[in-house]
Amino acid sequence: MTDRHHLLVHGATFAAVGDRGDISGVRGGGSPDGLFVRDARHLSRWQLTVDGAVPEVLSPVADGGAARCVLVPRGDRQEPPAYTVFREQAVGDSSFVELLRVTSNRPVPVTVRLAITADADFTDQFELRSDHRTYVKAGAVRSRHLLDDGIEFGYRRAEWHACTAITAEPAPDAVEETGTGARRLVWTLELAPLGTTELTLRVVARPHGDRRALRVPRSPAAVNDQLLALEDGFAQGVALPAGWPELAAACARGLADLATLQVPATGPDGEELRVPAAGAPWFLTLLGRDALLTSLFALPYRPQPAAATLLALAATQAGGSGASPLAQPGKIVHEVRHGELAHFGQVPYGRYYGSVDATPLFLVLLGAYVERTGDAATARRLEPHARAAVGWMLDHGGLTSHGYLVYRADGGGLANQNWKDSPGAICSADGTRPTGAVMAAGAQGYAYDALRRTAALARTVWADETYAALLEQAAADLRDRFQRDFWMREHSFPALALDGEGRRVDALASDAGHLLWSGLLDKEYGGAVGRRLLEPDFFSGWGVRTLASGQPAYHPLSHHRGSVWPHDNALIALGLARYGLHDEARTVARALVDAATATGHRLPGVLAGYGRGTHPEPVPCPHACVRESRSAAAPLALLTAVGGA
């Protein structure tokens, strides 16, 4: 596509439309276009024509809760447009609604032939990624059924069934075949002199297994009212810093985004929950690490996401009987998918446990949540889950046998299973990748914090002093080992990881800031690390780079070898504040707030690593989520780290 994509997000549903509100269905590029529900594309084509031609754009779609644009028929200066089309679209729960208002610009009657060409290919989102993979879908059948007021598209493959129903008010005059499988809904409109006619189209998506009685919004305005009420409710009671209006605006924008990024989940007893999705467009689902960090950032202001996330992850905790060898007892899930390819096992992400750090972060959040709220009942309810998570860290996770949390590349899934999970993210300064087992530095910090926080729960809530003492000793031993094995004296900085032979992976990386957040380093080492992260090779002016520039492995547009991640920097700011480096924490916070201010107060998932001195505007990183829950919550973490200073 040549025009931009604009995202409309509502829970587990999102639409990506172009500047004129169309969906082309073209594959490839950095973002999918279409209407998506639970990993499947329920509209793959949605194209407006007037009088047989694509209209011109007077006012393109702008980002917001609803998509609005203004279109006119093609013409020239000698013949002003006979009419104007005002287009408004919005996304609801498993639904999409559009209002078309056609207004005559002439003092005589005008006839307009308006058509919407629609199709639903039910493509799984994994098929739309730019990874050149193909998937066999034997026996799949698509269907089309006329309705009195529209068309229904269906898809069936064995027991898998999904459908998309399109209805219109008034009903179309005709539904035409196109020769491509798409259908064209056609109206002939008679406009009175300077008169206006309206059409409303409603799309209902029925993913596989969804038997809910859905209420389709009556109009885009009704959807927008719902979203505003949702956003207002989510932000209610949160005190924003009056002395730093730019940070207040970033927090407000983040809270609004978090409100729309809540997706359905279930708890251990089948209770219905809403948890933070990782981000749109690619990860509008539960990812353990992302939901945990988002909930931690929001915890001082909105504790509800933390409670829901803990229960949802407890419900999906591995019991050891899963088909995947990664589903070891006590492990917290990395990713949950609901699409066709996950259902049939063609991708491993239905319930995927390829994360070394979600399990300790689960324990960190549980401890922090109980400390913040005093909710001992939840701590008692989740005691078996917490003990199982500790058991995983000590046993399958590697703390007992290796002294550290360990992962190995998963041939069918992720090569790296820490937060930097792209294939080449864990590397030496020269770009060499480690072989065999990997012990990533950041995960050891999370494990240390998890052991200490769980020990506190054992002592104060579970009344198990013996268990508390065992965990405290394990944490102290881990701290001593780490500072001996990971510390690179020649750099006064910790290694990014150890390989299977215990050799240091010597890249200088931002993960060191996570060790400050976890409190793993002693004060002297922590102070050295914190100050080092603010030197020019690390600090771009928009934040701390994932990898310091000047190393052969550095690339400013690499996802994990030189870019700037807001959530990474939020953890760093919290860590700097923990070690008393308040000026440095404010420097990081101001850089992120400036980046947010330059991008409409919304922090993107990733920024390029280019320096602010030569690039006075933040540069986005390709293939990043446009809306990401960790980035949305990052301003709240900054507020915690530095207040309104």
Side-chain angles (χ1 to χ4, degrees), residues 11 229-241 247-248 250-269 271-278 286-316 332 358 360-383 385-386 389 446 449-450 452-454 456-457 460-462 517-518 567 570-571 573-574 577-578 628-641 643-644:
L230 189 68
E231 293 171 2
D232 289 345
F234 202 84
Q236 188 173 9
V238 178
L240 301 180
L247 175 57
C251 289
R253 178 69 266 169
L255 286 164
D257 283 347
L258 286 175
T260 62
L261 286 169
Q262 304 297 303
V263 296
T266 55
D269 296 325
E271 63 269 45
E272 294 183 359
L273 305 167
R274 306 287 289 186
V275 299
L286 174 62
L287 267 66
R289 179 194 303 121
D290 297 60
L292 289 161
L293 288 173
T294 298
S295 299
L296 279 161
F297 291 166
L299 178 59
Y301 314 96
R302 300 294 300 173
Q304 294 91 335
T309 295
L310 289 166
L311 292 172
L313 293 177
T316 53
I332 296 299
L361 286 171
F362 172 80
L363 296 167
V364 171
L365 179 61
L366 177 60
Y369 170 76
V370 176
E371 180 182 349
R372 182 75 190 184
T373 65
D375 184 0
T378 294
R380 284 190 287 269
R381 182 184 181 189
L382 296 181
E383 180 181 354
H385 301 278
Y446 307 158
D449 199 14
R452 294 179 68 252
R453 289 183 183 274
T454 310
L457 290 177
T460 60
V461 182
W462 305 336
W517 176 63
S518 300
H567 92 273
L571 289 172
L574 290 167
R578 177 173 185 160
E628 194 199 57
S629 61
R630 293 176 302 180
S631 290
L636 298 174
L638 300 179
L639 182 57
T640 301

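Annotation for R452: atom CZ does not count as buried by contact number, only 12 or fewer foreign heavy atoms lying within 6.0 Å.
Counting heavy atoms from C-beta outward, T294 and L261 have side chains that stay 4.5 Å or more apart. For the pair P276/Q262, a side-chain contact is recorded, criterion being any heavy-atom separation below 4.5 Å from C-beta on. By the 4.5 Å heavy-atom criterion applied to side chains, L366 and L457 are counted as neighbours. Between L638 and F297, the closest side-chain pair of non-hydrogen atoms is not below 4.5 Å. Taking the side chain as every heavy atom from C-beta outward, H567 and L293 approach each other to under 4.5 Å. Put simply, the side chain of T460 does not reach to within 4.5 Å of the side chain of V370, judged on heavy atoms. The side-chain heavy atoms of Q304 and F234, taken from C-beta on, include no pair separated by under 4.5 Å. Side-chain atoms of L292 and V364, non-hydrogen and from C-beta on, never get closer than 4.5 Å to each other.
Atom-to-atom distance recorded for D449:CG and L361:CG is 9.0 Å, nearest 0.5 angstrom. In this structure, CG on L255 lies 10.0 Å from CD on E231, to the nearest 0.5 angstrom. Here the CG atom belonging to L247 is positioned 8.0 Å from the CG atom belonging to L240, to the nearest 0.5 angstrom. Here the OG1 atom belonging to T309 is positioned 7.0 Å from the CG atom belonging to L286, to the nearest 0.5 angstrom. L310 CG to H385 NE2: the interatomic distance, rounded to the nearest 0.5 Å, is 10.5 Å. Rounded to the nearest 0.5 Å, atoms CG (L299) and CG (L365) are 6.5 Å apart.
Checking Y369 against S295 by side-chain atom types alone, no donor-acceptor pair falls below 3.5 Å.
Residues T373 and P303 share a closest heavy-atom pair of CG2-CB, 3.9 Å. Residues R578 and W517 come closest through the heavy atom pair NH1-O, 2.8 Å. Smallest separation of non-hydrogen atoms from A570 and A637: CB-CB, 3.8 Å. In terms of heavy-atom proximity, L296 sits nearest to A368 at CD2-CB, 3.9 Å. Between L313 and G288, the shortest heavy-atom distance links the atoms CD2-CA, 4.0 Å. Scanning both residues, A314 and L382, for their nearest heavy atoms gives CB-CD2, 3.7 Å.
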Carefully, step by step, assess R453 and L363 under the rule side chain to side chain contact (heavy atoms under 4.5 Å, CB included).
-> CA-CA 7 Å; R453 289 183 183 274; L363 296 167; over 6 Å; no
For V238 and C251, run side chain to side chain contact (heavy atoms under 4.5 Å, CB included): C-alpha distance rounded to whole Å, both residues' side-chain angles, the deciding distance at 0.1 Å, then the answer.
-> CA-CA 9 Å; V238 178; C251 289; over 6 Å; no
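T260 places a side-chain N or O within 3.5 Å of a backbone atom of D257 that can act as its donor or acceptor partner. The closest donor-acceptor contact from the side chain of E383 to the backbone of A379 lies at 3.5 Å or more, if one exists at all. Here the side chain of R372 pairs a donor or acceptor atom with the backbone of P300 at under 3.5 angstrom.
R381 has no carboxylate O lying under 4.0 Å from a charged side-chain N of D375, or vice versa, which leaves the two without a salt bridge.
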